[in-house]
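Just so it is clear, the model here is predicted, and its values are computed rather than measured. So that the names make sense, note that chain A is the first sequence line, chain B the second, and so on, each numbered from 1.
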Amino acid sequence: MSEVTKKLVVSASPHFRSKTTTTSIMLDVIIAMIPALVASVILFGYRSLVLTVVSVISCVVFEYLSRKVMKRHNTIGDLSAVVTGMLLAFNLPSTMPYWMVIIGAFVAIVIAKQFFGGIGNNFVNPALIGRIVLMASYPSQIGNFVAPFSHRGGVDAVTTATPLAQMTSVYSAENIGTAIDAAGFPSLLDMFLGVKGGCLGEVCILALVIGFVYLVVRKVISPVIPLVYVGTVAVAMLIAGKGDFTFMAYQVMAGGLVLGAVFMATDYTTSPVSFKGKIIYAIGCGVLTSLIRIFGSLPEGVSFSIIIMNILVPHIEHITTARPFGEVKEKKNKKEAEAK
Amino acid sequence: MRPLKIKVEGLLKAVKKGRGGVSIAHHKNTAGMRVIRIPTPPFVQIAMRQGIGAECTPVVKVGDYVKLGQLIGDSDAYISAPIYASISGTVTEIKDIKLSTGVMSKAVVIESDGFMAPDEFVPPVVTDAKSLVAAVRKSGLVGLGGAGFPAHVKLNLPQEAKIDTLIINAAECETYITVDYRECVENSVNIMRGVNAVSKYLHIDNVIIAVEDNKPIALQILKEIADSATQGEKVKVMALKSKYPQGAEKMIIQSATGRKMPPGKLPSDVGCVVMNVASIAFIGRYVATGKPLVSRSMTIDGSAIKTPKNVRVPIGTMMDYIVDYCGGFVEEPEKIVCGGPMMGSAITDINYPILKGNNALLAFKKGDLSIKKETDCIRCGRCAAACPLNLVPTNIEKFTKIGDIPKLKHSGALVCMECGSCAYSCPAGKPLVQHMRLAKAKIREEDAKK
């Protein structure tokens, strides 16, 4: 007779689980960021790699220490701190002093993430908060961009202005087309490949697009937020530029828009779950980014617009959560009742 | 511009409709195996509580000789179905036993005389809806798809109900289980008989036999027989996309007719009757022969079973006897599941008798079932995307934990059918189905207070 001598495992259904885990998702995000990291090393030299490593290590250490102090279980194994570390570095210029990066990592991990309960409970994107605090504290260092490939010359790094900073003169210009020519921007191809001044991870659009495709194919993110976000900015800039496509193309590829749209606006914890909610959230991000760029005193507005929309997410969720299958909308019912 | 518009609409539809459900490896290892009648077991324990509904009272005494198909238990309650002896022999004991579902029940133990001597069966006289319902009740049929809900209750439609579609559920979206598929392949004549009887006497004009598209042979066989039947265009065979939980009642109604069943309503409210393919085949055979429900087909599979098989077993056969027939265990299993891996229940032992609703017995080796460590929710939304009923399981879990009953009610937790898609896809390994059950219990508890 077949017998069972050992105790059987009894648990609630389902008895099969998908292989996806938090760690595997985070690993996918890390893989998706590698092309951008490689591009930044090519463009700005080994210092960008060191900066990223410093940022990652300090994020992981802060995560470990803060969990330890707060007497919570260890979560560094889920790799989310690594992702935050990479994103923080991606949002800084390659010239950033290392100790400042460590401060940024502290703000991101301890204040923005662990004070609110750790992974899944932070209400804003930790890496962005880290960047914003650094931006407010050390504005000159965070605006210190070097020209690409200048590390190869053997001379001191040549500082340069980012296309977006140059853009401020274009907004008020009478004729946008001539203003763009006069400003002396890199060519559109250079903009796409990343031969321009800027933060580590944001410059090479090609690498970011590769990362985006990887994440979508691996079903880590839905393409809705990045596409709608970038699309909204494109439309807004087309209107602002009075139909000038070149202006729009520069706007889309300049600054942190693509990096923000692909890697930061799509952060699970701080973006809506529903399809409708994602669209509202992404349009909000796009509109705010465009407004800050055109009317604000800052050249770039991606970080702030994502943070603002992060804060609005609970409200977006509240109005967009789908009703259970087959449930008739209350409004419709009321109308029907009135009709009767 | 028109084609473009259609494309855009189609795309939006795809995006919207693409939501819900999960794609799981099918593991239909036993699909090619004929259903084999197992040798008569030395004894059976026939539980008087076979599924949903009232417990039956034994109508036999210890020492009685019973024939195969003789009535041994019945109840006056409306939601109940009579129980028949599944083997011939002597009643040796009537005792309280624990069932695989965890509930206690009286059971009639019959020791086999080895002959399987049948009682005399008289085909029922069916002339209208009422006599059909009476015949189905008398047959002892309960839903063979798993829930074990007495079938006559389903067919006893309210007077005002306007039913235009009979849906035969042969989706079999659960992994491993292949008995419904075998039913389509081996028993299509009885399926058509059952379809004819039910649609004729209940005056239903359309019949849709719905099969997932991963079973092309079943589709072909059913199509052929549906075409050759005299019904003409009445019976349609429909291929459904293979996506779990396609076979759930609400899902199959939507896939087959496009209608959405509102929460708390019955299929009859949207003009449908849904029957499992094995149940309809049984009705087909019953109206022809009058032989009541005494056995059922089961898939015996899983990595710990030596030779997986599809078997026909008398109701009340002990599980260990069936496992023995399938060569025993390869090694000591870590988990034994009664039913499919997605919705079946893990059982504590194999000393349980088979119930009418059991469609599979699966035993798994250690490490075979990916058990994830539970970590914090990262709000990735996979559970919400997987939920076929548009729920947001992570929110329901949160509200359950903090005990926010009004929000729980609003979240629609009561709608949940516990298909397990959310827990399957959760990267944080949360036991979401368990939380759903807890949520329902909390809502009901609160309602009971009022």
Side-chain angles (χ1 to χ4, degrees), chain A residues 1-26 72-73 75 77-78 80 117-122 219-224 266-279 313 317-318 320-328, chain B residues 15-16 19 22 24 175 250 260-263 265 320-321 323-324 328-329 332-337 341-350 364 369-372 375-382 384 388-392 394-395 412 415 418 420 423-429 431 433-434 437:
Chain A
M1 271 295 192
S2 298
E3 257 187 300
V4 179
T5 48
K6 277 185 238 159
K7 273 191 180 162
L8 291 168
V9 174
V10 177
S11 61
S13 60
H15 307 290
F16 275 4
R17 297 292 176 93
S18 66
K19 293 214 162 54
T20 318
T21 60
T22 305
T23 311
S24 78
I25 291 170
M26 293 301 163
R72 291 178 179 152
H73 64 273
T75 52
D78 63 27
S80 64
I119 186 166
N121 293 313
N122 47 298
K219 291 194 176 153
V220 173
I221 60 167
S222 130
V224 174
T266 54
D267 172 32
Y268 290 146
T269 311
T270 53
S271 67
V273 166
S274 68
F275 179 73
K276 263 190 220 163
K278 283 190 168 98
I279 290 184
V313 162
E317 294 267 79
H318 186 73
T320 57
T321 303
R323 296 309 305 146
F325 182 90
E327 194 174 289
V328 190
Chain B
V15 168
K16 281 191 168 168
R19 296 165 77 229
V22 285
I24 317 169
T175 58
K250 284 183 181 182
K260 279 188 169 185
M261 201 169 117
K265 298 278 179 175
D320 51 1
Y321 179 78
V323 172
D324 276 349
F329 294 124
E332 190 100 335
E334 189 186 28
K335 198 180 225 180
I336 299 179
V337 178
M342 291 301 282
M343 283 189 80
S345 47
I347 56 176
T348 51
D349 202 352
I350 54 166
F364 296 99
L369 297 154
S370 45
I371 296 163
K372 284 187 215 170
T375 52
D376 293 327
C377 170
I378 53 170
R379 278 181 40 87
C380 64
R382 279 174 174 74
L389 300 178
N390 287 351
L391 305 178
V392 187
T394 173
N395 286 353
V415 181
E418 299 170 16
Y424 174 83
S425 43
C426 179
V433 175
Q434 219 165 331
R437 289 180 188 149

#### Entry: B:T394 versus chain A, the contacting section by heavy-atom distance below 4.5 Å
neither
### Query
Quick one: does B:P333's side chain get under 4.5 Å of A:L8's, heavy atoms only?
yes
### Query
Do the side chains of B:K250 and A:F325 get nearer than 4.5 Å, heavy atoms only?
yes
### Task
Work out which heavy atom in A:S18 is nearest to a heavy atom in B:K372; give both atom names and the distance.
O-CE, 2.7 Å
### Task
Determine whether B:R379 and A:V313 make a side-chain contact, defined as any pair of heavy atoms from C-beta on separated by less than 4.5 Å.
yes
## Note on the structure
Turns out that what part of A:S271 lies under 4.5 Å from chain B's heavy atoms comes down to backbone
#### Entry: B:N395 side, atom CG; A:E317 side, atom CD - distance, nearest 0.5 Å
6.5 Å
### Query
Side chain, backbone, both or neither: which part of B:V415 has an atom under 4.5 Å from a heavy atom of chain A?
side chain
### Task
Might you work through the side chain to side chain contact (heavy atoms under 4.5 Å, CB included) test for A:R323 and B:N390, ending with a clear yes or no?
CA-CA 6 Å; A:R323 296 309 305 146; B:N390 287 351; over 6 Å; no
### Task
Report the C-alpha distance between B:R382 and A:I25 in whole Å, list the side-chain angles of each, state the deciding distance to 0.1 Å, and finish with yes or no for side chain to side chain contact (heavy atoms under 4.5 Å, CB included).
CA-CA 12 Å; B:R382 279 174 174 74; A:I25 291 170; 3.4 Å; yes
### Query
What are the two closest non-hydrogen atoms of A:T321 and B:V392, and how far apart are they?
CG2-CG2, 3.8 Å
### Task
List for me each residue that meets side-chain hydrogen bond (donor to acceptor under 3.5 Å, both in side chains) alongside B:E334, sequence neighbours excluded, and say none if there are none.
none
### Task
Please state whether the side chain, the backbone, both or neither of B:M343 comes within less than 4.5 Å of a heavy atom of chain A.
backbone
### Task
Drop me the distance from B:I24's CD1 to A:R17's CZ, to the nearest 0.5 angstrom.
12.0 Å
### Message
Heavy-atom pairs under 4.5 Å with chain A: which of B:A428, B:G344, B:G412 has the most?
### Response
B:G344
### Query
Going by heavy atoms in the side chains, are A:T23 and B:T375 under 4.5 Å from each other?
no
### Query
Roughly how far, to the nearest 0.5 Å, is the OG atom of A:S11 from the NZ atom of B:K335?
2.5 Å
### Message
Please identify, among B:G420, B:G381, B:C380, the residue contributing the most non-hydrogen atom pairs under 4.5 Å to chain A.
### Response
B:C380
### Query
Which pair of non-hydrogen atoms, one from A:S13 and one from B:V433, has the smallest distance, and what is that distance?
O-CB, 3.4 Å
### Summary
In short, A:A12 meets B:R437 closest at the heavy-atom pair CB-NH1, 3.8 Å
### Message
Does A:H318, at its NE2 atom, have more than 12 non-hydrogen atoms belonging to other residues, nucleotides or ligands within less than 6.0 Å?
### Response
no
### Message
What's the separation between atom OG1 in B:T175 and atom CZ in A:F16, rounded to the nearest 0.5 Å?
### Response
5.0 Å
### Query
How many angstroms lie between atom CD1 of B:I378 and atom CG of A:N122, to the nearest 0.5 angstrom?
11.0 Å
